[in-house]
Amino acid sequence: MVEQSRRGVCLVISAPSGAGKSTIAQALRKADSTIFTSVSVTTRSPRPGEEEGVHYHFRDLETFRRMAAEGELLEWAEVFGRGYGTPRAPLEEALAAGRDVILDIDWQGYRLMRNAMPEDVVGLFVLPPSLEELESRLRGRNSDSDEEIAFRMKAALSEISHWPEFDYVLVNDDLNKAVEEARAVLVASRLARARRRDIAALWPVAG
Ligand SMILES: Nc1nc2c(ncn2[C@@H]2O[C@H](COP(=O)(O)OP(=O)(O)O)[C@@H](O)[C@H]2O)c(=O)[nH]1
Ligand SMILES: Nc1ncnc2c1ncn2[C@@H]1O[C@H](COP(=O)(O)OP(=O)(O)O)[C@@H](O)[C@H]1O
């Protein structure tokens with residue numbers, strides 16, 4: 001069957017901090033448990049409520065550098081002065097097993113992923129409705145200090161400037177609408193990319 005042999009889609013979601021990408025990614029996974037969650041490695045400290053191995057693998061800088069040097073990370077980047085990276089093996093296994101993968105990573109990671117796996121990666125950029133709303137979401141999340149929020153707001157415009165590099169862009173104003181749009185992107189990507197290869201194998205008659 002086509003469906004069983006299909007390779008997964010690697011959907012990369014990027015956004016300025018606070019725009020809602022984790023919330024959207026979580027809603028997609030909740031509705032479809034076959035979606036694989038890539039858990040990144042980071043050198044930042046856990047926030048209250050964040051669990052090791054669930055939100056991130058929290059590692060010290062030395063371990064992070066060793067993992068990067070030994071090729072255990074598919075991509076890695078420095079964001080807000082901390083190291084963040086995507087573990088290679090679980091992602092490759094999930095795609096090969098036909099599971100779609102969602103990565104919540106920054107624009108640098110997207111660029112690296114796109115180069116590393118051009119056939120698999122689809123990019124979705126999430127914009128906030130305004131800078132004022134972005135700041136109010138960062139404050140409302142209650143997870144970062146004033147200093148950290150100021151840092152993220154300062155970085156927001158530079159992150160936003162990369163939206164034209166992505167395949168799809170949505171404005172996260174109404175959350176339900178944004179989740180529906182992200183789901184539509186995932187479905188469209190399955191049809192446009194992953195399944196095309198499988199259909200070519202099933203029907204090798206294209207001119
Ligand atoms: N390149 C890369 N960026 C990542 C990775 N994991 C998280 N990020 C990005 O790092 C930034 C900070 O993430 P985080 O500390 O969780 O803060 P938040 O985005 O405000 O929730 C965000 O832009 C994430 O998308 C990763 O594995 N690789
Ligand atoms: N459409 C929305 N309207 C209002 N609040 C939202 C919306 N989307 C997300 N949020 C809230 O904004 C905050 C930041 O969202 P989050 O998903 O953590 O952002 P990111 O992962 O992009 O940093 C969270 O408190 C979340 O509940």
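What you see is a predicted model, and the numbers here were worked out from it, not measured in a lab. When a ligand or atom number is given, it counts from 1 through the structure's own listing order. The first residue of the sequence shown is numbered 1, and numbering continues consecutively from there. Just so it is clear, the values below take in all heavy atoms, side chains as well, and ignore hydrogens, waters and symmetry mates.
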Which ligand 1 atoms are under 4.0 Å away from a heavy-atom of [X]?
X: Arg152; result: 15 (O), 17 (O), 18 (P), 20 (O)
X: Val79; result: 10 (O), 11 (C)
X: Gly109; result: 1 (N)
X: Ala77; result: 1 (N)
X: Arg141; result: 18 (P), 20 (O), 21 (O)
X: Tyr56; result: 6 (N), 7 (C), 13 (O), 14 (P), 16 (O)

So is [X] polar-close to ligand 1, meaning N/O to N/O under 3.5 Å?
X: Gly85; result: yes
X: Trp76; result: no
X: Gln108; result: no

Pairwise side-chain contact, [X] with [Y], heavy-atom cut-off 4.5 Å (strictly under):
X: Trp76; Y: Gln108; result: no
X: Leu11; Y: Asp100; result: no
X: Leu124; Y: Ile24; result: no
X: Val121; Y: Tyr110; result: yes
X: Val41; Y: Glu72; result: no

As a check for students: among [options], identify the option with a heavy atom nearest to [atom].
atom: atom 6 (N) of ligand 1; options: Ser17, Ser40, Ala25; value: Ser40
atom: atom 4 (C) of ligand 1; options: Trp107, Phe80, Tyr84; value: Tyr84
atom: atom 24 (C) of ligand 2; options: Gln26, Arg141, Glu133; value: Arg141

Looking only at distances, please establish whether an N/O atom of ligand 2 is found under 3.5 Å from an N/O atom of [X].
X: Ser22; answer: yes
X: Gly20; answer: yes
X: Lys21; answer: yes
X: Gly140; answer: no

Smallest separation among heavy atoms of Ser14 and Glu159, with atom names:
CB-OE2, 4.2 Å
Could you identify the single nearest non-hydrogen protein atom to [atom] and state the distance to 0.1 Å?
atom: atom 3 (N) of ligand 2; answer: Arg137 NH2, 3.2 Å
atom: atom 9 (C) of ligand 1; answer: Asp106 N, 3.8 Å
atom: atom 8 (N) of ligand 2; answer: Asn172 ND2, 3.0 Å
atom: atom 23 (O) of ligand 2; answer: Gly18 N, 2.7 Å
atom: atom 28 (N) of ligand 1; answer: Glu75 OE2, 2.7 Å

Per-atom contacts, ligand 2 versus [X] - under 4.0 Å to a heavy atom:
X: Leu175; value: 1 (N), 8 (N)
X: Thr23; value: 9 (C), 15 (O), 16 (P), 17 (O), 26 (C)
X: Asp173; value: 1 (N), 2 (C), 3 (N)

Do any heavy atoms of Lys21 fall under 4.0 Å from ligand 1?
yes
Assess Glu148 for proximity to ligand 1: is some non-hydrogen atom of it under 4.0 Å away?
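No.
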Under 3.5 Å: donor-acceptor pair, side chain of [X], backbone of [Y]:
X: Asp167; Y: Gly123; value: yes
X: Asp120; Y: Cys10; value: no
X: Thr42; Y: Gly83; value: yes

Does [X] [atom1] have over 12 foreign heavy atoms under 6.0 Å away?
X: Trp107; atom1: CH2; answer: yes
X: Arg66; atom1: CZ; answer: yes
X: Glu70; atom1: CD; answer: yes
X: Gln26; atom1: CD; answer: no

Using heavy atoms and a threshold below 4.0 Å, how should the contact between Arg111 and ligand 1 be classified: side chain, backbone, both, or neither?
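Arg111 to ligand 1: no contact under 4.0 Å from either part.
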Hey, is Asp104 touching ligand 1 through its side chain, its backbone, both or neither, going by heavy atoms under 4.0 Å?
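Within the 4.0 Å criterion, Asp104 contacts ligand 1 through backbone and side-chain atoms alike.
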How long is the span from the CZ atom in Arg47 to the CZ atom in Arg141, to the nearest 0.5 Å?
4.5 Å
Taking atom CZ of Arg111 and atom CD of Glu165, what is their separation to the nearest 0.5 Å?
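Rounded to the nearest 0.5 Å, the CZ-CD separation comes to 4.0 Å.
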Verdict with supporting geometry, Arg65 and Glu62, salt bridge (charged side-chain N to carboxylate O under 4.0 Å, His left out)
CA-CA 5 Å; Arg65 285 196 175 136; Glu62 193 188 333; over 6 Å; no
